[in-house]
Amino acid sequence: MDSIHVRGGRSLSGEISVQGSKNAVLPIMAAAVLVKGVTVLENCPDIADVHCMVRLLQSIGCLVEQAGDSLTIDAGQITSHTLPHEYVSKMRSSIILMGALLGRTGQVSLNYPGGCVIGKRPIDLHLEAFAEMGIRIEQTDERLAAVAHRINGNEIRLRMASVGATENVILASVLAEGTTIIRNAAREPEIAALCDFLIRSGAKLYRSSQGDVIVIEGVRTLHSCEYRIPFDRIVAGTYLFGAMGAGGNICLRDVCADQLGQVLAVIRIMGGNVVCTKDAVCLQALARPLSVPYVRTAVYPGFPTDLQSPLMAALCRADGQSVLEETIFENRLRIVPELKKMGAEITVTGRQAKITGTDCLIGACVRAEELRGGAALVVAGLAAQGETVICGKEFIDRGYEDIRRDIVSLGGSLFYEETEGPSQKGDEAETE
Ligand code: UD1
């Protein structure tokens, strides 16, 4: 099990290009299953979740080649509709292959993606929507199977604007009979990317200007296309909060500032001076950030739940008291005990955390238990005096190509240490 060592207490400075988006590439890789041909994806992040999705695609008959940041998926022959538990249990987002396999073959079978450290993560919305499209769902305690001789377009109103459920309905309806209308669809930029990819592959799909209504007219086939994966707004936000916690002056390239609206608004309240150009965001942070009276996570365009922990880590060093409320995933405050080991002053009541900033964060041995919480510990390590040792690097590797490369390029001090011992990864259900 590898660990990450961060030597903090120094400000960041430098410029990097931000990797492609995890949450965009995974559903688009699933969507490639709908194409009876070759899909080429550029700017794919080289992360553990993409490797896991590659294995899942290969297990159902796709030929996949990776060359640099380009991924070629040949889904000409689909040979299986059963997703191996080995990979489904590692990555919850394998659930989006349900819609894709149903759309392509009319069948899918898998074990439930396990419980999850950031919350209950039910899939009731996905299954209800499938049933409304004429898909028969069979469930046992462990397995889930779905079959449809014909998938019928329908009007689907999601009770919650779930990202995964929206993606699954889109994937199931692109090759369906008739028209599907999704109301209260998730509006995240990753949904827009999935829709763009499908349109380029020949899907008939329209999004309302707000993005909350998506209309899909089923077509017979999709065709090969090339698509560039957009930047990862969560990785960008992590590094911005890294600079806010430690101080400094950084520039992130290949970033679309529009997708960081609420994040940049919070950074400005924290005293950060942000300058945006067409494809870059530059931040000049104060030596010590200001506190933020209240931030709550919300669906896009609200403040993203995936950045709540990195923000919390930066606020631990703020001048004053801040309140964060987590409204999406109930277990996203699990990082608090680890931050307290570093001297953070945080009290949690229900889904709210009150953070009293201190200028005396001190490096400690801490444990990452999930992806974004792990990245937040790196942010805290950068803000703390002395050395922070973070166990559970494999969680961070799920979403960050190489956090050492990026942080070192931004002037931080971070190295990896290989240690003996079993990896946590197979033992614990994955998040996101
Ligand atoms: C996706 C993202 C994750 C992000 C989240 C919210 C990927 C791979 N992951 O996760 O990084 O944090 O969106 O922006 O894109 N819910 C139900 N029933 C369902 C589905 C969801 O109750 O059937 C609830 C969830 O428990 C959660 C909320 O809805 O409380 C949002 O979940 P959802 O938007 O579906 O998140 P994911 O797609 O799992």
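Here the structure is a predicted model, which means the values were calculated and not measured. One-based numbering, in listed order, for ligands and for the atoms of each. These numbers come from the heavy atoms of this one structure, side chains and all, not from hydrogens, waters or symmetry mates.
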Contact region, F329 to ligand 1, non-hydrogen atoms below 4.0 Å, reads side chain
Exercise. Should D402 and Y416 count as side-chain neighbours, where that means a heavy-atom distance under 4.5 Å?
Worked result: yes
key: Residue pair Y400 / D406, side-chain donor-acceptor N/O under 3.5 Å   = no
Out of A24, S162, S93, the nearest non-hydrogen contact to atom 35 (O) of ligand 1 is supplied by S162
Whether D49 and R398 form a salt bridge (side-chain N of Lys/Arg under 4.0 Å from carboxylate O of Asp/Glu) is what I want to check.
yes
Numbered in order shown, the ligand 1 atoms found under 4.0 Å of a heavy atom of G164 are 35 (O), 38 (O)
Worksheet item: So is P122 close enough to ligand 1, meaning a heavy atom under 4.0 angstrom away?
Response: yes
(request) Give yes if a backbone or side-chain nitrogen or oxygen of L125 is under 3.5 Å from a nitrogen or oxygen of ligand 1, and no if not. (result) yes
Can E401 and Q19 be counted as having a side-chain donor-acceptor contact under 3.5 angstrom?
-> no
I'd like to know if R92 contacts ligand 1, where contact means a heavy-atom distance under 4.0 Å to any ligand atom. yes
Open item on the list: If we only consider heavy atoms of H126, is any one of them less than 4.0 Å away from an atom in ligand 1?
Closed with: yes
Min over D306, I96, L307 of heavy-atom distance to atom 11 (O) of ligand 1 lands on D306
Among L127, L26, I328, V163, closest by heavy atom to atom 1 (C) of ligand 1 is V163
Restricting to heavy atoms, the pick from N168, T305, I191 nearest atom 6 (C) of ligand 1 would be T305
### Message
Using a strict threshold of under 4.0 Å (side-chain N to carboxylate O), is an ion pair present between R183 and E155?
### Response
yes
Shorter than 2.5 angstrom, is that how the SG atoms of C365 and C391 come out?
-> no
Out of M91, E167, E188, the nearest non-hydrogen contact to atom 14 (O) of ligand 1 is supplied by E188
Could you tabulate the donor-acceptor pairs under 3.5 Å formed by side-chain atoms of residues 158-178, not counting sequence neighbours?
{"residue": "R159", "atom": "NH2", "partner": "D124", "partner atom": "OD2", "Å": "3.2"}
{"residue": "R159", "atom": "NH2", "partner": "E128", "partner atom": "OE1", "Å": "3.0"}
{"residue": "R159", "atom": "NH2", "partner": "E128", "partner atom": "OE2", "Å": "2.8"}
{"residue": "S162", "atom": "OG", "partner": "G164", "partner atom": "N", "Å": "3.4"}
{"residue": "S162", "atom": "OG", "partner": "A165", "partner atom": "N", "Å": "2.9"}
{"residue": "T166", "atom": "OG1", "partner": "S162", "partner atom": "O", "Å": "2.6"}
{"residue": "T166", "atom": "OG1", "partner": "A186", "partner atom": "N", "Å": "3.0"}
{"residue": "N168", "atom": "OD1", "partner": "G99", "partner atom": "N", "Å": "2.8"}
{"residue": "N168", "atom": "ND2", "partner": "I95", "partner atom": "O", "Å": "3.2"}
{"residue": "N168", "atom": "ND2", "partner": "H126", "partner atom": "ND1", "Å": "2.9"}
{"residue": "S173", "atom": "OG", "partner": "V169", "partner atom": "O", "Å": "2.8"}
{"residue": "S173", "atom": "OG", "partner": "I170", "partner atom": "O", "Å": "3.1"}

With the threshold set at under 4.0 angstrom, would you say R332 reaches ligand 1 through any of its heavy atoms? yes
Quick test of your reading of the model: are R233 and E190 salt-bridged, counting only N-O distances below 4.0 Å? yes
